[in-house]
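To start, the structure itself, in structure tokens.
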Amino acid sequence: MHFQWYPGHMTKAKRMMQENIKLIDLVIELLDARLPMSSRNPDVDELGKNKARLILLNKADLADEKQNDAWMEYFKERGYSVVKVNSKKGGGIKSIQGVIQEACREKIERDRKRGILNRPVRAMVVGIPNVGKSTFINSLAGKACAKTGNKPGVTKGKQWIRLNKNVELLDTPGILWPKFEDQTVGLKLAFAGSIKDELLNIEELAVELIKFIKKYYTGVLAEKYNITESEDAYRCLNEIAEERHCLLKGSELDTNKAALLLMDDFRCGRLGRITLEFPEDFR
Ligand code: G4P
């Protein structure tokens with residue numbers, strides 16, 4: 001399997017982000033908690049230099065809690081503010097306002113020394129496609145709008161969402177494309193559903209996922225599908241097809257259907273909380 005991206009999109013998105021980044025104080029970078037490094041675009045450090053930085057480990061509900069904590073530690077050690085969030089259900093969202101103030105303390109202090117008081121921090125959300133940017137913005141802004149009563153909280157022109165008197169958020173997130181030479185990065189993004197499945201061979205993908213889960217989360221597949229977790233990952237896929245009655249006409253096993261089922265179970269968290277990469281491998 002070979003993964004590719006489209007430079008046309010990347011160039012346009014990057015240009016837009018360079019424009020917008022001039023306007024902001026804080027970069028809120030969304031990462032997928034299941035694959036924080038592989039869902040990072042390395043350009044963000046260059047783009048966001050001289051800005052306050054906040055990393056959100058989104059979809060934390062799908063990732064291994066022990067690894068979530070280890071990843072938080074990893075990024076904190078490197079000077080970022082970090083929060084684990086579940087944008088879909090609102091987990092961790094409440095603490096964001098406080099963390100934003102903390103992350104921008106230097107800027108607020110600098111303003112104060114210059115006699116500028118009460119200028120709101122301006123922030124932009126960035127991240128790769130499908131990491132949850134829109135869900136996060138809705139979750140964060142939803143609460144803020146509710147607080148200001150019936151006012152929509154959105155100003156015309158450049159679209160800023162006023163979260164409260166201290167923070168304004170650019171309503172269009174910055175889309176970064178993941179960047180990789182390393183094909184295992186592509187593979188992990190594909191597992192998570194961040195690469196369109198139409199571009200992939202779903203059975204090959206499922207077989208690779210089976211290999212990973214068997215190795216790092218031994219027993220999970222056996223329990224979920226009542227299979228043996230044999231050495232041969234393709235055989236496991238066959239067993240899943242058997243157990244789940246994925247059959248073609250003539251009672252031949254439909255491994256494509258079994259592969260789709262497995263990928264869906266993984267992506268929705270029905271295999272439990274699974275992290276695809278571990279901080280110790282990046283130290
Ligand atoms: P984007 O703007 O960065 O492209 O991402 P978007 O918000 O559209 O989110 C992509 C998918 O990820 C959505 O699922 C969304 O519900 C899901 N998602 C976002 N944040 C979280 C989270 O913290 N936890 C979990 N479990 N899922 C999250 P979808 O399948 O496209 O839509 P739907 O299932 O919500 O209908």
Side-chain angles (χ1 to χ4, degrees), residues 5-6 9-10 12-14 16-17 20-21 27-41 43-44 47-48 54-65 67-69 71-72 75 82-96 99 123-145 154 159 161 163 169-179 185-186 188-200 202 205 209 217 220 260-277:
W5 294 97
Y6 306 100
H9 286 166
M10 286 194 248
K12 190 169 165 239
K14 201 168 156 185
M16 232 180 90
M17 200 164 331
N20 287 334
I21 214 129
V27 176
I28 302 178
E29 184 185 3
L30 255 77
L31 303 181
D32 187 320
R34 293 166 297 174
L35 55 156
M37 293 306 267
S38 297
S39 59
R40 262 203 115 186
N41 178 308
D43 291 342
V44 74
L47 277 164
L54 169 59
I55 285 184
L56 302 182
L57 297 174
N58 193 40
K59 309 196 185 186
D61 54 306
L62 299 175
D64 189 334
E65 187 60 1
Q67 298 300 334
N68 285 344
D69 290 338
W71 276 115
M72 277 189 74
F75 287 112
V82 197
V83 183
K84 294 182 273 192
V85 287
N86 171 356
S87 298
K88 210 167 164 175
K89 294 266 169 72
I93 299 292
K94 266 198 215 132
S95 67
I96 301 272
V99 179
M124 176 165 81
V125 172
V126 306
I128 66 168
N130 204 44
V131 74
K133 298 178 293 301
S134 324
T135 311
F136 169 72
I137 291 176
N138 287 339
S139 178
L140 190 64
K143 284 203 171 52
C145 291
V154 179
Q159 297 287 289
I161 304 169
L163 297 180
L169 192 67
L170 194 60
D171 84 333
T172 36
I175 304 172
L176 290 165
W177 262 257
K179 237 190 178 177
V185 173
K188 287 183 257 187
L189 288 162
F191 288 164
S194 294
I195 296 180
K196 283 199 180 71
D197 282 340
E198 300 90 82
L199 303 173
L200 305 164
I202 198 80
L205 191 65
L209 182 62
Y217 292 88
V220 164
L260 286 167
L261 185 144
L262 171 75
M263 294 316 302
D264 198 51
D265 281 346
F266 168 71
R267 289 170 185 166
C268 294
R270 287 190 293 268
L271 297 180
R273 299 173 66 169
I274 291 177
T275 294
L276 297 169
E277 60 194 13

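In each ligand, atom 1 is the first atom listed, and ligand 1 is the first ligand listed. The shown structure was predicted, so the numbers you read here are calculated from the model rather than taken from an experiment.
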Q) Do the charged groups of D64 and R34 touch, with an N to O distance under 4.0 Å? A) no

Q | Flag: protein heavy atom within less than 4.0 Å of atom 14 (O) of ligand 1 | A | no

Q | Heavy atom of the protein closest to atom 18 (N) of ligand 1 (residue, atom name, distance) | A | K59 CE, 3.8 Å

Q) So which heavy atom in the protein is nearest atom 2 (O) of ligand 1, and how far is it from that ligand atom? A) S134 OG, 2.6 Å

Q) Side chains of V126 and L47: closer than 4.5 Å at any heavy-atom pair? A) no

Q.
For ligand 1, which is the ligand I care about here, please tell me if G132 has any N or O atom under 3.5 Å from one of the ligand's N or O atoms.
A. yes

Q) Looking at atom 20 (N) of ligand 1, what's its closest protein heavy atom, distance included? A) N58 ND2, 3.1 Å

(Q) Using every non-hydrogen atom in the two residues, find where R267 and F191 come nearest and quote the distance to one decimal. (A) NE-O, 2.9 Å

Q | Electrostatic pair K188:D32 at N-O distance under 4.0 angstrom | A | no

Q.
To the closest 0.5 Å, what do you measure between CD1 (I28) and CG (L30)?
A. 8.5 Å

Q. If you take all heavy atoms of A192 and L35, which pair is closest and at what distance?
A. CB-CD2, 3.7 Å

(Q) Only heavy atoms of T135, strictly under 4.0 Å: list the atoms of ligand 1 that pass. (A) 6 (P), 7 (O), 9 (O), 15 (C), 19 (C)

Q.
Under 4.0 Å, heavy-atom basis, I'd like to know which part of D61 is in contact with ligand 1: side chain, backbone, both or neither.
A. side chain

Q | Which residue and heavy atom of the protein sit nearest atom 34 (O) of ligand 1, plus the separation | A | K88 NZ, 3.4 Å

Q. Can you find a heavy atom in the side chain of M124 that is under 4.5 Å from one in the side chain of I21?
A. yes

**Q.** For S87, the ligand 1 atoms whose distance to one of its heavy atoms is below 4.0 Å
**A.** 20 (N), 22 (C), 23 (O)

Q. What do you think, any protein heavy atom under 4.0 angstrom from atom 31 (O) of ligand 1?
A. no

**Q.** Sub-4.0 Å atoms of ligand 1 with respect to non-hydrogen atoms of K133
**A.** 1 (P), 2 (O), 3 (O), 4 (O), 5 (O), 7 (O)

Q) To which protein heavy atom is atom 4 (O) of ligand 1 closest, and what is the distance rounded to 0.1 Å? A) N130 N, 2.8 Å

Q: Compute whether any side-chain donor of one residue and acceptor of the other, for T172 and Q159, lie under 3.5 angstrom apart.
A: no

Q) Can you check whether a protein heavy atom sits less than 4.0 angstrom from atom 36 (O) of ligand 1? A) no

Q: Look only at the side chain of Y217 and the backbone of T275, and say whether a donor-acceptor pair between them is shorter than 3.5 Å.
A: yes

